[in-house]
Amino acid sequence: MQNPPRTHIVGAGLIGASLGIGLAAEGWDVTIEDNDPEAQALARSIGAGGAPGDDAPELVIVAVPPSAAPAVVAAALGRYPEAVVTDVASVKAPIADAAAATGASSRYVGSHPMAGREISGGLGAQGDLFKARPWVLCPNGATAEAVALVSRVPEVLQCDVVTMEASAHDAAVARVSHAPQVAASAVAAALGILDADDVALAGQGLRDVTRIAGSLPGMWADIARMNRTHLIETLGHIIDDLEDVREADDIGEALTDLIDRGRFEVARIPGKHGGASRDWTPVTVIVPDTPGQLLRLLSHTAEVGVNVEDISIEHSPRQPVGLTTLYVLPARAADLIAALERQGWEIAAS
Ligand SMILES: NC(=O)C1=CN([C@@H]2O[C@H](COP(=O)(O)OP(=O)(O)OC[C@H]3O[C@@H](n4cnc5c(N)ncnc54)[C@H](O)[C@@H]3O)[C@@H](O)[C@H]2O)C=CC1
Ligand SMILES: O=C(O)C(=O)Cc1ccc(O)cc1
């Protein structure tokens, strides 16, 4: 295997610093900069890369907000005439266009790691943020050598590499990422007329649907402006479906149709580790709200040799107990329930 490319990251926020930490941990020689001195100092202090030295980078990764990315990519192609340049912005076609306008698109490959967090900035950075997640490559006019060089990043970070044309990527992420943010925020915003006691009735369904409603608007406003056409088309389909339910003579029939279509499509969303969605059996346990109970539950589960494929915790603010759901292989659910009941756990009806 060739030596890792000398890599320079422009933009030391959540994604840039996470990449820096992850690549440095794999032994890559990484430098990082940010036009905000505090963000730059923080990233360097947490091991996301050093200050640039005399040697020019072989690979430049641009991790700045989407609206800044076209100009910063174009500037990087000019500033480092020997380097291959990639960027991680959530919308790809406008950046491919900016790279093409420089005449150096043979050295530009778009990237989009499909992983992130609701917070921004280097303080939330995690070196393994991208592990087992899709990483989209949009080669556009790049040479095979440039694509091979950029591919080394998702390969070493153990991502699932997917190659797409930039506009096809933008159309797809409008549906799998951008419209879901709009919908989550709209559902959360509809809580506005409720008082706090009514909001406290919330169950796991509301929590699941609104997880990303805590995102800050800056990046999403950028994304919406840059992917406006695809986002508007997607919102149009969602609004049409909602209107069909609202306007129907038989709202139950209209909702049945929508839920049936949703059930079919949700089964196509890949599950853990990017594989096909798994048919796990939920085992819901009533857990007292005292320190150490979750640890006890998990160690009793481990004692019967049952692997927990996923876990969710539902906590009701006024209750001394919470509901913890362990998702396990269907063939092991009965053993687990029997073992937990022997240990005195109360299993909730499913
Ligand atoms: N946050 C997320 O969940 C994900 C974000 N992305 C993409 O990654 C990119 C970065 O996002 P985050 O790291 O979340 O943002 P962030 O806000 O945490 O960090 C962006 C950093 O870029 C710096 N910056 C802005 N203009 C600059 C310039 N001209 N030169 C140097 N530094 C500059 C800012 O000071 C800031 O530190 C965005 O394009 C976003 O679309 C991709 C996948 C997930
Ligand atoms: O939190 C989530 O579920 C995400 O999907 C995060 C995310 C946000 C923006 C992107 O461009 C890619 C991924």
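Both counts, for ligands and for their atoms, begin at 1 and track the order of listing.
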For atom 12 (C) of ligand 2, the closest protein heavy atom turns out to be His112 NE2, 3.6 Å
So is Ser177 polar-close to ligand 2, meaning N/O to N/O under 3.5 Å?
no
Option nearest atom 43 (C) of ligand 1 (shortest heavy-atom distance, choices Gly218, Pro113, Ser177):
Pro113
Considering only protein heavy atoms, which is closest to atom 19 (O) of ligand 1, and at what distance to one decimal place?
Gly13 CA, 3.2 Å
Which side-chain hydrogen bond (donor to acceptor under 3.5 Å, both in side chains) pairs, counting each pair once, include a residue from residues 254-266, with sequence neighbours left out?
Asp241-Arg261, Glu265-Arg268
Which protein heavy atom lies closest to atom 27 (C) of ligand 1, and at what distance to 0.1 Å?
Asn35 ND2, 3.3 Å
Should one rank Ala17, Gly122, Ser120, Pro65 by closest heavy-atom distance to atom 22 (O) of ligand 1, which comes out on top?
Pro65
Would you say atom 24 (N) of ligand 1 makes contact with the protein, given that contact here means a non-hydrogen protein atom less than 4.0 Å away?
yes
Under 4.0 Å, heavy atoms only, figure out whether ligand 1 is touched by the backbone of Val72, its side chain, both or neither.
side chain
Where's the contact between Ala39 and ligand 1, heavy-atom distance under 4.0 Å: side chain, backbone, both or neither?
side chain
Provide, to 0.1 Å, the distance between atom 6 (C) of ligand 2 and the closest protein heavy atom, together with that atom's residue and name.
Gly116 N, 3.8 Å
Contact region, Met114 to ligand 1, non-hydrogen atoms below 4.0 Å, reads neither
Are Val245 and Ile238 connected in the hydrophobic side-chain network, where two residues link if heavy atoms are under 4.5 Å apart?
no
Polar proximity ligand 2 side, Trp220 side, N/O cut 3.5 Å exclusive
no
Can you tell me if Ala69 has a non-hydrogen atom under 4.0 Å from ligand 1?
no
Pick from Val173, Ile15, Val64: the one approaching atom 38 (C) of ligand 1 most closely through a non-hydrogen atom
Val64
With backbone taken as N, CA, C and O and side chain as the heavy atoms from C-beta onward, which portion of Val91 lies under 4.0 Å from ligand 1: side chain, backbone, both, or neither?
neither
Heavy-atom contacts under 4.0 Å between Arg117 and ligand 2: side chain, backbone, both, or neither?
neither
Check whether any N or O atom of Ser90, backbone or side chain, sits under 3.5 Å from an N or O atom of ligand 1, and answer yes or no.
yes
Report yes if the side chains of Ile21 and Ile46 come closer than 4.5 Å at any heavy-atom pair, otherwise no.
yes
Do Ile347 and Thr284 come close enough that some side-chain heavy atom pair is under 4.5 Å?
no
Would the distance check show the side chain of Gln181 and the main-chain N or O of Ile212 forming a donor-acceptor pair, the cut-off being under 3.5 Å?
yes
Heavy atoms only: which of Val88, Ile212, Asp36, Asp87 lies closest to atom 8 (O) of ligand 1?
Val88
At what distance is the nearest protein heavy atom to atom 34 (C) of ligand 1, and which residue and atom is it?
Asp34 OD1, 3.4 Å
